[in-house]
Every structure is written in C-alpha cells, then in structure tokens.
Chemist: 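Take a look at this one; I'll ask things after.
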Amino acid sequence: MPEGHSVHRLARQFDDVFGGQVLAISSPQGRFSDAAKLIDGQKLLSSHAHGKQLFLGFENDLILRIHLGLYGAWSFGGDEHFSGASSIGAPRRVGEVEQGPDADQGSYDGPPEPVGQVRARLVSAHGWADLRGPSACEVITEEQALIARAKLGPDPLVGAAGEFNLAKGRGTAEDVAADALGAKKEFIARLAKKKTPIGTALMDQSLLAGVGNIYRAETLFRCQIDPFMPCNELSKPRAAALWDDIVSIMNDGVRDGKIITTRIEDRNAAGPLWPENAYYTYQRQHQQCRICDSGIALMEVAARKLYWCPGCQPKARKRATR
DNA sequence: CTAGCATGATCAC
DNA sequence: TGATCCTGCTAGC
C-alpha cells in the first residue's frame with residue numbers, strides 16, 4: 001500500500017544500513033528460495049526506487065526487484081551500529097504505515113525466528129530485514145531491470161532520497177535538476193496527449209510513477225482540478241502546477257514518513273495532526289470540506305475509491321464560464 | 001473471533 | 001469489469 005514516498009525512504013534505508021555490505025539472503029517461507037540463492041552472499045552495491053518499485057543491485061550484477069503491492073511491508077532490526085546508520089529514524093517496519101524504532105533497547109542477538117510468512121530475509125553483520133506480502137519479489141538481470149523501469153512513467157521523486165549507486169556515486173545537483181526538469185516536461189507532454197480523466201491518469205504507473213490513491217485525491221484537491229476532467233483539457237500551466245504540487249507533497253512524504261497534505265491554516269488545531277488533520281479529501285467522504293461548505297464526495301472508479309470536493313473541484317465547463 | 005477492508009496491479013473474458 | 005493474489009489491521013459481533 002505504500003505510495004512512492006515510502007519506497008524512496010526504503011531505498012535510502014537499504015543504502016544506509018546495508019550499502020556496501022555482504023548479505024545473507026534467504027526465504028524462510030520458501031517461495032523465494034531459488035531466486036534467493038542467486039544473490040545470497042553477494043555485496044549490495046545499489047539501492048534505487050522508481051515509483052513504487054525498489055531495485056537492489058548486487059555485486060554479481062543481479063537485481064532484486066520488489067513491489068510491495070497492497071500489503072507488502074519490510075521489518076528491520078539490528079544492533080546500535082545498524083540503527084545508527086539509518087537516516088530515516090531506524091524504522092521497525094515500513095509498509096502501509098511506518099512504525100518507529102523499537103522501544104526496548106535489548107541487546108542484538110541476530111535475527112529473530114521468522115514469524116508468519118517471511119518471503120525474503122536479508123541479514124548483514126549488524127542487522128536484518130524481513131519482507132512480507134510483496135506482490136513482486138524477483139531476481140532479474142540489469143537488462144530486465146531496465147525494461148521494467150522503461151514501463152514506468154516519470155517519477156516525481158527523481159533525484160530525491162533513495163537515488164544511490166555505489167558504483168556510480170550520487171548524481172551531481174545539476175544532474176538531479178536536469179532529470180527533474182525532464183520528468184516534468186515528460187509528464188506535461190503525456191497529459192496533453194491523453195483524453196482519459198485526470199483522476200484515472202494519475203493512478204496509471206506507466207504515465208506517472210509513484211502516485212497512489214491518497215496523493216491522487218489530495219493533489220487534485222490542492223490544485224482545484226475536477227478528477228473527471230480529460231487530461232488534454234488541462235492547460236499547460238495547470239499541468240505544470242499539478243506536477244509541482246505532486247513533487248512538493250511527495251517530498252514532504254519522504255521527509256515525514258507519512259502523507260500529510262493539509263496546509264497549516266486548513267487544519268483543525270483541536271485534533272491531532274495525523275491522521276485526523278492530514279488530508280483534505282481522502283477518507284473524508286460526507287464530511288465537510290475544509291475550505292468550502294460542500295460535503296466530500298466518494299465514487300468507485302476503476303475499482304478504486306475516488307474522493308473529491310464538488311465545490312472546490314468544479315466541473316471544467318463550470319470553471320470555463322466563470 | 002471474524003469478516004471486511006486497504007495507500008496495488010495483473011490477468012481473463 | 002470482475003476475479004485473483006498477497007497480509008495485517010480493525011470494526012463489529
């Protein structure tokens with residue numbers, strides 16, 4: 001269930017705690033056993049996120065490709081060296097929601113007995129990572145990884161946390177800026193060619209990689225765009241603003257480890273920030289909009305729940321005649 | 001305790 | 001469009 005921000009945090013986490021180290025890789029559950037043997041005992045050289053997919057590169061040029069799907073999650077544990085290496089707060093678990101570090105600071109005694117269905121387990125000298133419930137977990141060649149990535153649209157988080165390759169090093173600030181600009185242009189160009197509703201398009205990973213149901217709903221609200229508006233009816237400036245907003249809130253997600261899209265002035269100070277005050281429309285159906293008097297609408301579209309505010313995100317025709 | 005649901009994607013028809 | 005896969009949380013009995 002994680003959207004792109006979580007996967008970018010994971011890419012950074014793997015870089016931090018396992019980068020450059022030899023890993024014992026196994027499949028306690030068994031379903032990943034054969035593939036695990038291909039990379040067992042190899043050194044981790046790169047950790048990269050593109051959209052919702054994670055690519056871990058090993059010294060023998062094989063790539064571990066992970067997609068968490070709806071329920072996948074990684075759990076972590078280790079000694080103080082392991083936890084201390086994490087720049088994202090040494091999470092105990094990263095999946096749909098992120099759980100903070102373990103409260104008990106007991107001594108590290110190696111990975112625990114696998115509990116439940118652990119598809120893959122990575123173990124270094126200092127810690128371990130368990131993967132449960134992924135929709136994809138496979139070992140592929142670099143060529144196959146390139147093919148997988150070619151199927152994905154531009155990632156708003158290109159150049160953000162998680163871009164790492166020990167062999168090539170981090171890109172320069174100029175490289176990252178150029179990549180980000182290219183991604184933006186590509187996004188705008190692709191939108192101009194599509195007639196599908198923008199709300200559907202934002203979920204299409206081949207058009208735009210990393211946005212899921214929450215970011216879709218929230219950015220359309222923030223940009224005051226009707227989710228049913230055809231992509232090619234969105235003006236270029238508005239498409240550019242949409243991209244910029246997605247980049248902004250997803251980078252916040254990478255920083256915070258959770259999705260918070262409300263502006264400070266739009267929160268109810270009485271309640272806790274997360275999750276009660278984190279969203280404008282997501283899971284707020286029938287509640288009053290934070291900006292206008294409308295009730296938040298909910299409709300099932302393409303098997304996913306679409307949330308929007310009919311008042312703040314008016315139909316294109318209505319907007320045009322104003 | 002259980003059923004139902006969830007920030008996903010693929011495949012069949 | 002509907003069925004299916006995978007796991008874990010929670011609302012409701």
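A note on names: the letters A, B, ... follow the listed sequences, proteins ahead of strands, and every chain is numbered from 1. Any value given below was found using the heavy atoms of this structure, including those in side chains, with hydrogens, waters and symmetry copies removed.
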Chemist: Mind checking whether Trp243(A) and Phe187(A) have parallel, tilted or perpendicular rings, split at 30° and 60°?
Modeler: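 Rings of Trp243(A) and Phe187(A): tilted, as their planes differ by 30° to 60°.
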Chemist: Could you state the atom-to-atom distance from CH2 of Trp274(A) to C1' of dT7(B) in whole Å?
Modeler: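 Taking atom C1' of dT7(B) as the reference, CH2 of Trp274(A) is at 10 Å.
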Chemist: Can you find a side chain N or O atom of Lys52(A) that sits less than 4.0 Å from OP1 or OP2 on dT7(B)?
Modeler: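 For Lys52(A), the contact criterion (side-chain N or O under 4.0 Å from OP1 or OP2 of dT7(B)) is not met.
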Chemist: Nearest whole angstrom, please: distance from the P of dA6(B) to the CG of Leu68(A).
Modeler: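 The distance from CG of Leu68(A) to P of dA6(B) comes to 19 Å, rounded to the nearest Å.
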Chemist: Reckon His67(A) has a side-chain N or O less than 4.0 Å from the OP1 or OP2 of dA9(B)?
Modeler: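 It does, given that an N or O in the side chain of His67(A) lies less than 4.0 Å from OP1 or OP2 of dA9(B).
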Chemist: Students often mix this up, so state it plainly: with edges at 30° and 60°, are the rings of Phe221(A) and Tyr280(A) parallel, tilted or perpendicular?
Modeler: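 Rings of Phe221(A) and Tyr280(A): parallel, under 30°.
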Chemist: Distance check, P atoms only: dG4(B) and dT4(C), in whole angstrom units.
Modeler: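 Between the two P atoms, the distance is 16 Å.
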Chemist: With a 4.0 Å cut-off on heavy atoms, is Arg216(A) in touch with a base, just the backbone sugar-phosphate, or nothing at all?
Modeler: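 No contact at all - Arg216(A) keeps every heavy atom at 4.0 Å or more from the nucleic acid.
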Chemist: In whole Å, what is the span from the CG atom of Asp204(A) to the P atom of dA9(B)?
Modeler: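 It works out to 9 Å between those atoms.
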Chemist: 5'-most contact on DNA chain C: Arg31(A) or Gln99(A), nearest heavy atom basis?
Modeler: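 By nearest-heavy-atom nucleotide position, the 5'-most residue is Arg31(A).
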Chemist: Can you measure Ile260(A) atom CD1 to dT7(B) atom P for me and round it to whole angstrom units?
Modeler: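 It is 18 Å, rounded to the nearest whole Å.
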Chemist: How about Leu202(A) and Leu242(A): do any of their side-chain heavy atoms sit closer than 4.5 Å?
Modeler: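 The answer is yes; the side chains approach within 4.5 Å.
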Chemist: Can you see if the side chain of Arg304(A) gets near the phosphate of dT7(B) - specifically, an N or O under 4.0 Å from OP1 or OP2?
Modeler: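 Arg304(A) to dT7(B) OP1/OP2: side-chain N or O found under 4.0 Å.
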Chemist: Under 4.0 Å, heavy atoms only, any strand: does Glu98(A) hit a base, just the sugar-phosphate, or nothing?
Modeler: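 Nothing, no nucleic acid heavy atom in range.
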Chemist: When the ring planes of Phe18(A) and Phe14(A) are compared, do they come out parallel, tilted or perpendicular, using 30° and 60° as the limits?
Modeler: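 It falls in the tilted class, 30° to 60°.
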Chemist: Whole angstroms only, please: what is the OH-P distance between Tyr282(A) and dC5(B)?
Modeler: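 Computing the Tyr282(A):OH to dC5(B):P distance gives 13 Å.
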Chemist: Any side-chain N or O of Gln205(A) under 4.0 Å from OP1/OP2 of dA9(B)?
Modeler: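 So the side chain of Gln205(A) is within the cut-off, an N or O lying under 4.0 Å from OP1 or OP2 of dA9(B).
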Chemist: Members other than Ile140(A) in its cluster, when Ile, Leu, Val, Met, Phe, Trp, Tyr link by side-chain heavy atoms under 4.5 Å?
Modeler: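 For the cluster that includes Ile140(A), the remaining residues are Phe55(A), Ile63(A).
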Chemist: Indicate whether OP1 or OP2 belonging to dC5(C) is found under 4.0 Å from a side-chain N or O atom of Gln117(A).
Modeler: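 No, outside the criterion.
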